[in-house]
Structure formats: C-alpha cells, structure tokens
Amino acid sequence: MSFTECTATHHMASPQFSVRIPPELDERLNAYAKQAGTTKTKVMIDALAHYLGCADDVPLIRRVLELEERVAALETQGRQVIS
C-alpha cells in the first residue's frame, strides 16, 4: 500500500475525522508534539501511516522538511534553556 493510498494528496482537501481519546493519551500527545516541534495532526498522521504500514512510503522531501522543522524547534528550545 502506498503512502498516497493512505493519505489525501495535496491537490485535494484533506478529509477530516474526529476521535475521542482518554485525557492521559491527549496529555502525552500534546507533550510529544510540543517536544518534537510539530503539530498533533502531523503526529496522528504519521502514527496512522506507520500503523497501516505505509510510513516508509512518505516522500523523502516531506521527511527531510519535517526533520528540519524539528531540528529548528529543538535549537530554539536549547537557546531558551541556556538563556
């Protein structure tokens, strides 16, 4: 199964869905997203893609851009801790 089969393409509006999760899981999701310098949506999309077995099909450019965003967020956090 390809990544594009698991997610909407950037040319279309992305479908939405909502789920109820336990408060403890929401806290962990919030903490992870903040630590990783990303959004809860990106965490959930990546987790779902991984669970469905299509995480390796994420285009390389997207993975590189997300890693660059995370590095920048960590650098900012590091500067804040030093200050």
Side-chain angles (χ1 to χ4, degrees):
M1 180 181 303
S2 74
F3 181 74
T4 54
E5 292 171 336
C6 294
T7 63
T9 65
H10 66 280
H11 300 293
M12 297 185 265
S14 297
Q16 289 185 320
F17 72 96
S18 61
V19 296
R20 295 190 185 276
I21 60 175
E24 301 82 16
L25 187 56
D26 186 51
E27 290 173 15
R28 291 183 70 177
L29 176 59
N30 285 322
Y32 180 85
K34 183 177 180 179
Q35 177 192 17
T38 189
T39 65
K40 290 181 4 177
T41 298
K42 286 183 181 179
V43 173
M44 296 299 294
I45 290 170
D46 290 346
L48 186 57
H50 180 75
Y51 184 82
L52 295 175
C54 54
D56 292 337
D57 295 337
V58 174
L60 182 59
I61 188 66
R62 178 173 170 218
R63 287 189 278 173
V64 169
L65 290 173
E66 287 179 359
L67 287 172
E68 287 177 346
E69 289 174 3
R70 290 179 182 180
V71 167
L74 290 171
E75 288 174 340
T76 299
Q77 287 177 357
R79 282 188 218 111
Q80 291 172 350
V81 169
I82 293 172
S83 302

- Reported OG1-to-CD1 distance for the pair Thr39 and Ile45, which is rounded to 0.5 angstrom: 7.0 Å
- With Arg79 via side chain to side chain contact (heavy atoms under 4.5 Å, CB included) - residues at least two apart: Glu75, Thr76
- Item | For Ala36, side chain to side chain contact (heavy atoms under 4.5 Å, CB included) partners two or more places apart | Tyr32, Thr38, Arg70
- List for me each residue that meets side chain to side chain contact (heavy atoms under 4.5 Å, CB included) alongside Leu25, sequence neighbours excluded, and say none if there are none. Ile21, Pro22
- Query: In chain order, what residues pass the side-chain hydrogen bond (donor to acceptor under 3.5 Å, both in side chains) check against Lys40, with sequence neighbours excluded?
  - Reply: Asp26, Asn30
- Note on the structure: The side-chain hydrogen bond (donor to acceptor under 3.5 Å, both in side chains) partners of Glu69 (sequence neighbours excluded) come to Lys42
- Message: Using the side chain to side chain contact (heavy atoms under 4.5 Å, CB included) criterion, which residues pair with Pro23? Sequence neighbours excluded.
- Response: none
- Task: Kindly check if the number of other-residue, nucleotide or ligand heavy atoms within 6.0 Å of CD (Gln35) is above 12?
- Result: no
